[in-house]
Amino acid sequence: MAKPLLKIQRYFRRKPVRFFSLILLYLTAGSLVFLHSGFVGDSSTGTRRGRDSVVAAEMGSRTSMSQIRGLGIMSRVFKDTRKSGHRYGPPWMKKTGHEGQEVQRRGGDYTNNWNRALKGRNAKDMDEGRAKYIGCYVDDTQKRALRGVSFFDYKKMTVFRCQDNCAERGYMYAGLEFGAECYCGHKIQAPNTSESECNMECKGEKSNVCGGANRLSIYRLELSQESARRYGSAIFKGCFHRPDNVTLALPFSAVIQNMSVDKCVDMCTEREKSLAVLAGDRCYCGFPTPLFSLHELEDENMCLHHCQGEEFESCGNEEYFVVYQTQVQDNRCMDRHFLSTRSKQLVALASFPGAGNTWARHLIELATGFYTGSYYFDGSLYNKGFKGERDHWRSGRTICIKTHESGKKEIEAFDSSILMIRNPYKALMAEFNRKYGGHIGFASQAHWRGKEWPEFVKNYAPWWASHTLDWLHYGKRVHVVHFEDLKRDLFSQLKGMVQLLGLKVSEDRLLCVEGQKDGNFKRSGLRKLEYDPYTPEMRASINELIRTVDTALKKRNMSGVPEEYMPR
């Protein structure tokens with residue numbers, strides 16, 4: 001053993017450079033190993049969830065439900081129960097492509113932070129105008145009482161989560177069953193029963209009842225009137241009088257034996273029409289046109305005529321039609337492009353942040369067929385289809401330019417403007433949610449309860465008033481649009497905006513916009529705070545600002561702010 005060591009010693013004595021090189025390599029290798037282990041230790045916890053999510057997305061189309069539960073990375077799933085009596089196992093797990101990806105993405109909407117903030121709430125004492133408990137109803141796995149989408153969570157289900165998810169998708173009713181199952185629908189298609197049969201506590205809140213075995217605790221979602229009511233994948237549009245020339249207004253029709261909503265919707269979907277119209281045993285298909293614009297809504301009682309194939313559904317009659325919007329896209333307003341010749345007139349789409357500027361851009365692009373531009377650049381908006389976002393605002397290739405600026409120099413750079421105004425109480429909350437939660441996200445409870453909200457109101461509320469006052473003072477050809485009026489009467493308000501832009505109005509195109517008005521940036525109508533975030537001091541200040549803006553509008557011979565803005 002001594003001889004080999006002696007040979008090595010003699011070797012390095014003769015070659016000292018080799019000796020120091022070996023020592024340097026040894027130290028370098030040790031340092032790299034140490035650094036690598038440190039990085040792995042720091043990042044392993046933070047990346048594990050993201051890595052698991054990617055694994056789940058990749059396996060979604062080919063992995064069984066039991067395997068995914070074993071991974072412990074997906075506890076919430078959606079499924080359509082209209083045509084299936086199976087209680088468990090989401091059908092989208094068997095699908096590939098866009099549809100499966102869409103449902104997986106929606107699965108991420110249900111955040112633990114939101115659920116924790118809602119625990120302990122008594123759902124039967126919810127604020128008036130949001131949701132109303134209407135009773136306990138029988139449910140059948142083969143013939144559901146509520147036939148929209150369903151949502152299961154066997155660990156954290158709460159009444160409010162169920163209501164919120166159904167309202168977000170436009171359903172009128174939300175029902176809870178078996179302590180952990182949530183069902184949505186536009187119509188209750190089963191009889192009610194004794195309250196004592198809805199006797200199971202919610203898995204996520206022991207203080208509330210979530211139905212029973214084959215029994216639903218059902219709530220009516222009052223605020224869903226702001227959104228679309230649904231029947232499965234179809235949107236309920238209402239009851240309408242028979243058009244004068246029905247064959248011209250609705251060119252495709254057929255008599256269907258044992259008529260039901262499903263059968264008519266399916267037939268019109270196959271014919272690639274966006275409207276399914278039920279008139280007794282006859283089904284009409286078509287698009288909204290000036291001959292059948294869906295603007296003159298009738299009382300739903302006029303359409304109360306039971307379908308032959310489904311006793312709990314209304315199929316209308318020869319004089320009063322029940323109308324649904326199918327999933328078929330109305331392509332009459334979907335084409336968009338840049339202006340063919342550069343415009344020398346710069347038109348501003350000006351608003352205080354949170355006043356609906358992005359929504360207005362969506363409507364204008366559909367109504368005109370031209371892209372809108374922006375004073376800024378928002379990559380998320382560009383990725384959502386606002387291709388004019390990348391252009392310089394002076395490029396002249398877009399029909400109008402979004403801006404939140406309110407300085408004299410910035411305002412006078414535009415030749416005319418559409419000025420969007422929204423109720424400051426709603427606009428401030430919308431912008432606060434955007435600031436801390438993204439375009440369709442929500443600020444956390446910590447932000448609302450912390451110092452951020454009072455500081456935000458203090459700085460932003462005066463800006464709401466000064467923004468409008470500056471545009472009224474310095475702007476040229478100012479056309480005022482109130483967000484609330486645009487929601488109430490989209491057709492005429494949007495028509496006025498198109499005319500200001502110097503374009504010819506296409507009524508068919510505007511009717512197409514009405515069917516696709518929401519776009520990709522819309523928050524749930526039901527997901528609200530559990531309390532009023534405005535203090536009396538905040539309200540006193542904001543009310544004074546509202547009066548100031550109202551006076552300024554009237555001085556310009558415009559109508560003042562809508563009645564709902566004014567202090568009560």
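Bear in mind that the values here come from a model prediction, so they are computed numbers and not experimental data.
- Side-chain contact, Y183 with R144: a donor N or O sits under 3.5 Å from an acceptor N or O.
- One distance of note links CG of L278 with OG of S314; it measures 9.5 Å at 0.5 Å rounding.
- Of the candidates I542, I546, N543, I546 is the only one forming a side chain to side chain contact (heavy atoms under 4.5 Å, CB included) with Y565.
- Looking at R220, its side chain never comes within 3.5 Å of a backbone N or O of I134 through a donor-acceptor pair.
- With respect to V277, the side chain to side chain contact (heavy atoms under 4.5 Å, CB included) criterion is satisfied by exactly one of F240, F321, Y324: F321.
- F352 has its ring centre no less than 6.0 Å from the ring centre of H404.
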Candidate pair N192 and V138, rule side-chain contact (heavy atoms from CB on, under 4.5 Å), full reasoning: CA-CA 6 Å; N192 62 345; V138 174; over 6 Å; no
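- Under the 2.5 Å cut-off for SG-SG separation, C182 and C166 do not qualify: their sulfur atoms lie farther apart than that.
- Between S274 and Q325, the side chains place no donor N or O within less than 3.5 Å of an acceptor N or O (distance only, hydrogens not considered).
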Candidate pair Y531 and W448, rule ring-ring contact (aromatic ring centres under 6.0 Å, His included), full reasoning: CA-CA 10 Å; Y531 64 95; W448 288 105; 7.6 Å; no
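- Remark: the backbone N or O of Y219 is not paired with any side-chain donor or acceptor of K132 at under 3.5 angstrom.
- In this structure, Q516 contributes its side chain and D330 its backbone to a donor-acceptor pair below 3.5 Å.
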Test ring-ring contact (aromatic ring centres under 6.0 Å, His included) applied to Y382 and F386, step by step: CA-CA 5 Å; Y382 178 84; F386 291 97; 10.0 Å; no
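- The side chain to side chain contact (heavy atoms under 4.5 Å, CB included) with R215 is formed by just one residue from the set T193, N199, D139; it is T193.
- Within 6.0 Å of NE2 on H295 lie more than 12 heavy atoms contributed by other residues, nucleotides or ligands.
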Worked check of ring-ring contact (aromatic ring centres under 6.0 Å, His included) between W359 and F483: CA-CA 10 Å; W359 181 50; F483 176 87; 5.5 Å; yes
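- Put simply, the side chain of E205 gets close to the backbone of V159: a donor and an acceptor are under 3.5 Å apart.
- A donor and an acceptor atom, one from each side chain of S380 and D378, are located under 3.5 Å apart.
- The SG atoms of C210 and C202 sit under 2.5 Å apart.
- The pair K517-E514 does not count as a salt bridge, with every side-chain nitrogen at least 4.0 angstrom from each carboxylate oxygen.
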Chi angles and distances behind the disulfide (SG to SG under 2.5 Å) call for C315, C264: CA-CA 10 Å; C315 277; C264 185; over 6 Å; no
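- Taking the side-chain contact (heavy atoms from CB on, under 4.5 Å) definition, one finds that M538 meets it with W453, P454, V457, Y534, T535, sequence neighbours left out.
- Remark: side-chain polar atoms of E313 are not paired, donor with acceptor, to backbone N or O of C307 under 3.5 angstrom.
- A salt bridge does not link K487 with E564: none of the charged nitrogens is closer than 4.0 Å to a carboxylate oxygen.
- With sequence neighbours excluded, the residues forming a side-chain contact (heavy atoms from CB on, under 4.5 Å) with E272 are V328, listed by chain and number.
- Inspection of the Y425 and D532 side chains reveals no N or O donor paired with an N or O acceptor under 3.5 Å.
- Residue E181 holds its CD atom at 9.5 Å from CG of L176, rounded to the nearest 0.5 Å.
- Remark: C268 SG to C283 SG, distance not under 2.5 Å.
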